[in-house]
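Values below: all heavy atoms of this structure, side chains included; hydrogens, waters and symmetry mates excluded.
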Amino acid sequence: MTLKSREKILIFFVIIAIAIWAFDRFYYTPQKKKILRLKEEVKLADLKLKESLIYTKGVETVEAEVSRLEKELQVFNERTLRGEEFRAFLKHLAKESDRLQMKMVSLTPQEEKISPQEGKKVSSPFQYRKVTVHLVLYSTYTALQTYLKGIEELPFLVTVDDLQIERNEEMMPFLKVTLGLNVLVISV
């Protein structure tokens, strides 16, 4: 049986088609799936890398903040007087009120103990006490501003909890100032 040229061409194209199908079926399609899987793995790795970069930046900022706070604490510890805080506060008040021509009407200190949190025993060598001071004084606005700035520069922690300024026509140019301050006293 001899094949005609048409049949030979047809068999040739069938063999080429079968070769292309076999190439696609056994090589190209598995490689394509493998490439897609690897692309997904690369995307996952990139996502994890970006997350780790974000965490690294977060850790760096936290470390910088901790370092800054440690420096502030060190400066604060260097400035802090141990056990002499209230006496220094009263000296500062006397000196500044005289210098700034502020008239003291009343001064009411009240001491309260800061108790350690229940259930938590802190082995600190220092015991803290808080002294609340209520001041009523007559002052000009600029003298009050200077006095409050001076409180900020004291070598211990003084917080202004309450500040009330009243203007009275009879006391001009002075203002009636009511201050609520907390002075932390460290007992060694």
Side-chain angles (χ1 to χ4, degrees), residues 1-83 85 88-89 111-133 144-146 148-165 179-188:
M1 182 171 159
T2 60
L3 296 174
K4 295 182 184 176
S5 72
R6 270 180 160 175
E7 291 173 343
K8 287 180 184 178
I9 292 175
L10 185 62
I11 290 174
F12 177 73
F13 280 121
V14 168
I15 291 173
I16 289 178
I18 290 174
I20 291 174
W21 175 82
F23 175 78
D24 182 58
R25 173 82 176 170
F26 297 111
Y27 182 76
Y28 184 73
T29 303
Q31 291 297 327
K32 188 176 178 182
K33 288 179 183 178
K34 187 176 179 182
I35 289 172
L36 288 175
R37 184 178 49 83
L38 290 174
K39 281 184 180 180
E40 289 298 321
E41 288 179 11
V42 168
K43 284 181 184 178
L44 265 166
D46 282 344
L47 183 63
K48 286 182 181 179
L49 180 64
K50 287 178 183 177
E51 286 177 358
S52 67
L53 288 176
I54 290 172
Y55 289 138
T56 303
K57 287 180 183 178
V59 166
E60 288 172 355
T61 57
V62 167
E63 286 176 346
E65 182 68 15
V66 166
S67 174
R68 184 187 66 79
L69 290 174
E70 284 176 344
K71 287 178 184 174
E72 281 184 19
L73 180 63
Q74 185 179 13
V75 168
F76 178 73
N77 282 338
E78 290 171 359
R79 285 180 40 191
T80 302
L81 301 171
R82 303 282 187 232
E85 292 90 348
F89 170 74
E111 180 180 343
E112 60 182 81
K113 290 261 186 187
I114 298 178
S115 61
Q117 296 175 349
E118 295 176 7
K120 291 186 178 177
K121 297 268 181 168
V122 179
S123 61
S124 173
F126 305 111
Q127 185 72 8
Y128 295 93
R129 294 179 294 142
K130 182 166 63 170
V131 178
T132 304
V133 180
L144 177 66
Q145 177 184 5
T146 305
L148 290 176
K149 185 68 175 172
I151 285 178
E152 182 179 282
E153 295 169 358
L154 286 173
F156 48 88
L157 185 62
V158 178
T159 59
V160 178
D161 291 336
D162 184 35
L163 174 63
Q164 182 179 352
I165 301 173
L179 269 172
L181 302 169
N182 280 323
V183 180
L184 282 180
V185 178
I186 301 173
S187 303
V188 180

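A salt bridge between Arg68 and Glu65 is present, with a side-chain N of the basic residue lying under 4.0 Å from a carboxylate O of the acidic one.
Of the listed residues (Thr159, Val131, Val160), just one forms a side-chain contact (heavy atoms from CB on, under 4.5 Å) with Leu181, and that residue is Val160. Between Ile18 and the choices Ile16, Ile15, Val14, the side-chain contact (heavy atoms from CB on, under 4.5 Å) rule is met once, by Val14.
The OH atom of Tyr28 lies 7.5 Å from the CD1 atom of Ile35; values are rounded to the nearest 0.5 Å. Taken to the nearest 0.5 Å, the CD1 atom of Ile151 stands 12.0 Å off from the NZ atom of Lys149. Distance check, rounded to the nearest 0.5 Å: CZ of Phe23 to OG1 of Thr29 gives 9.5 Å. To the nearest 0.5 Å, atoms CG (Asp24) and NZ (Lys32) are separated by 8.5 Å.
Leu163 places a side-chain heavy atom less than 4.5 Å from the side chain of Leu148. Looking at Lys43 and Leu47, their side chains never come closer than 4.5 Å, going by heavy atoms from C-beta outward. In this structure, the side chains of Arg37 and Glu40 stay at 4.5 Å or more apart for every pair of heavy atoms.
The backbone N or O of Lys57 lies less than 3.5 Å from a partner atom in the side chain of Thr61, making a donor-acceptor pair.
Listed by chain and residue number, Lys34, Glu41 satisfy the side chain to side chain contact (heavy atoms under 4.5 Å, CB included) test with Leu38 (two or more places apart in sequence, or in another chain).
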Run the side-chain contact (heavy atoms from CB on, under 4.5 Å) check on Leu10 and Arg6 step by step: do they pass? CA-CA 6 Å; Leu10 185 62; Arg6 270 180 160 175; over 6 Å; no
